[in-house]
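Heads up, the thing below is written out as structure tokens.
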Amino acid sequence: MKLIKFKTYAEMSEYGAKIVQKTVKEKPKCVLGLATGSTPLGLYENLIKKYNNNCIYFGDVKTINLDEYYGIDGKHDQSYRYYMNKNFFDKIGILYANTFVPNGMAENIEKECKEYEDRIDEIGIDLQILGIGNNGHIGFNEPCNHFPSKTHLVDLSESTIRANSRFFANLSDVPTKAITMGIGSIMKAKKIILLATGKKKEIIEKAMYGDVTPEVPASILQFHPNVTVLICEEM
Ligand code: PGA
């Protein structure tokens, strides 16, 4: 794993956006694996600027997101589909049909997860963008006793529910389950960039230099051949 440190969030976001830009330039029909949360927002803003300056074209790009809350639909303002449309897709001229986010309202969850995993295999992820939870989760793969391999329904940990409650009116409004790519799904990506701000420093150190253990899900990335961790001192 390669680590690149930045002084500011702006510098980190700009660098991350350049990696995405390079990927899209080299392969216009590439597939981007995308993340939500507060950390990648600056990267998305940078890409929107590049799009507005005609420096990047998303017309042939496909995207596939890591996860979605279970039990809320894409129109809910806290759903990850809503987040992606509002913060990125609505502003970059991408075809919505080329953007994939799990359906949090799927009646048949097993079918939804299987089809999502099949799609990952079918289109293949060229570049996966990741954030990291305070507990070391990637996607919504929470610390547990094994590395889940495929897309699945997961019970969110108490710490994740608490962390995400900042976006909801009440703690009790936070969904307690989510559909997430598995650790194995993420590991299939050809290249991965993980973005983290200063407050995640400790868990990043554990993930990068500690034991590889499902107690720190991101530690599995030590076994991936092409991971770059971008971290900034700020925040
Ligand atoms: P954050 O979330 O970017 O809002 O810190 C990251 C995560 O929980 O994966």
Side-chain angles (χ1 to χ4, degrees), residues 6 8-17 20 32-47 63-70 72 77-84 86-88 101-102 104 125 127-144 147-148 151-152 154-168 171 173-183 185-187 189 192-208 214-221 224 227-235:
F6 299 87
T8 65
Y9 176 73
E11 284 168 320
M12 179 183 77
S13 303
E14 206 180 312
Y15 190 91
V20 177
L32 303 175
L34 299 180
T36 53
S38 31
T39 313
L41 281 172
L43 181 152
Y44 294 142
E45 276 166 24
N46 269 273
L47 288 173
T63 68
I64 185 150
N65 264 75
L66 284 167
D67 46 20
E68 177 61 285
Y69 286 122
Y70 175 65
I72 59 178
D77 65 2
Q78 289 309 324
S79 74
Y80 289 166
R81 163 53 77 181
Y82 186 93
Y83 167 114
M84 289 310 305
K86 178 168 156 256
N87 295 308
F88 197 40
V101 180
I125 299 173
L127 174 66
Q128 176 67 54
I129 294 162
L130 294 177
I132 185 168
N134 298 319
N135 60 7
H137 74 202
I138 46 176
F140 270 134
N141 292 281
E142 302 284 33
C144 64
F147 289 113
T151 302
H152 60 288
V154 65
D155 288 320
L156 299 178
S157 70
E158 235 185 276
S159 76
T160 297
I161 293 173
R162 226 178 306 116
N164 292 5
S165 67
R166 68 190 195 276
F167 301 114
F168 291 81
L171 186 66
D173 294 339
V174 186
T176 56
K177 289 176 192 286
I179 299 172
T180 182
M181 282 188 196
I183 291 289
S185 336
I186 294 170
M187 291 292 278
I192 295 176
I193 53 175
L194 189 157
L195 297 141
T197 55
K199 65 176 188 245
K200 304 275 174 62
K201 199 167 153 247
E202 242 171 75
I203 191 70
I204 283 288
E205 274 177 15
K206 259 195 187 175
M208 289 188 71
E215 289 296 327
V216 182
S219 64
I220 193 76
L221 298 173
H224 191 284
V227 179
T228 305
V229 176
L230 309 181
I231 188 161
C232 66
E233 286 170 15
E234 271 180 357
M235 296 159 96

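Atoms within each ligand, like the ligands themselves, are counted from 1 in listed order. Quick note: numbers below take in every heavy atom, side chains included, and nothing from hydrogens, waters or symmetry partners.
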Open item on the list: Within ligand 1, which atoms have a heavy atom of T39 less than 4.0 Å away?
Closed with: 1 (P), 3 (O), 5 (O)
Open item on the list: Less than 4.0 angstrom from a charged side-chain N to a carboxylate O is my criterion; do E202 and K206 meet it?
Closed with: no
Open item on the list: Among all the protein's non-hydrogen atoms, which is closest to atom 8 (O) of ligand 1, and how far away is it?
Closed with: H137 NE2, 2.8 Å
Open item on the list: Just checking E158: does its CD atom have more than 12 heavy atoms from other residues, nucleotides or ligands closer to it than 6.0 angstrom?
Closed with: no
Open item on the list: Please list the nearest protein heavy atom to atom 6 (C) of ligand 1 with its residue and the distance rounded to 0.1 Å.
Closed with: I132 O, 3.4 Å
Open item on the list: Looking only at the side chains, is there a donor atom on one of S13 and E45 sitting less than 3.5 Å from an acceptor on the other?
Closed with: no
Task: E68 side chain vs A178 backbone, donor-acceptor pair below 3.5 Å - done: no
Open item on the list: Has N141 got a side-chain atom pairing as donor or acceptor with H137's backbone, closer than 3.5 angstrom?
Closed with: no
Task: Side chain, backbone, both or neither: the part of T197 lying under 4.0 Å from ligand 1 by heavy atom - done: neither
TODO: Mark the output for M235 as yes if a heavy-atom distance to ligand 1 is under 4.0 Å, and as no if none is.
DONE: no
Open item on the list: Using a 4.0 Å cutoff against the non-hydrogen atoms of R166, which atoms of ligand 1 qualify?
Closed with: 4 (O)
- [ ] Give a yes-or-no answer on whether the side chains of T36 and R81 include a donor-acceptor pair shorter than 3.5 Å.
- [x] no
Task: For G37, atoms of ligand 1 separated by under 4.0 Å from a heavy atom - done: 3 (O), 4 (O)
TODO: Please check if the side chain of E234 supplies one atom and the backbone of Y9 the other of a donor-acceptor pair under 3.5 Å.
DONE: yes
Open item on the list: For the 3.5 Å polar cut-off, considering only N or O atoms, please tell me whether K199 and ligand 1 meet it.
Closed with: no
Open item on the list: Can you report which non-hydrogen protein atom sits closest to atom 5 (O) of ligand 1, along with the distance?
Closed with: K200 NZ, 2.6 Å
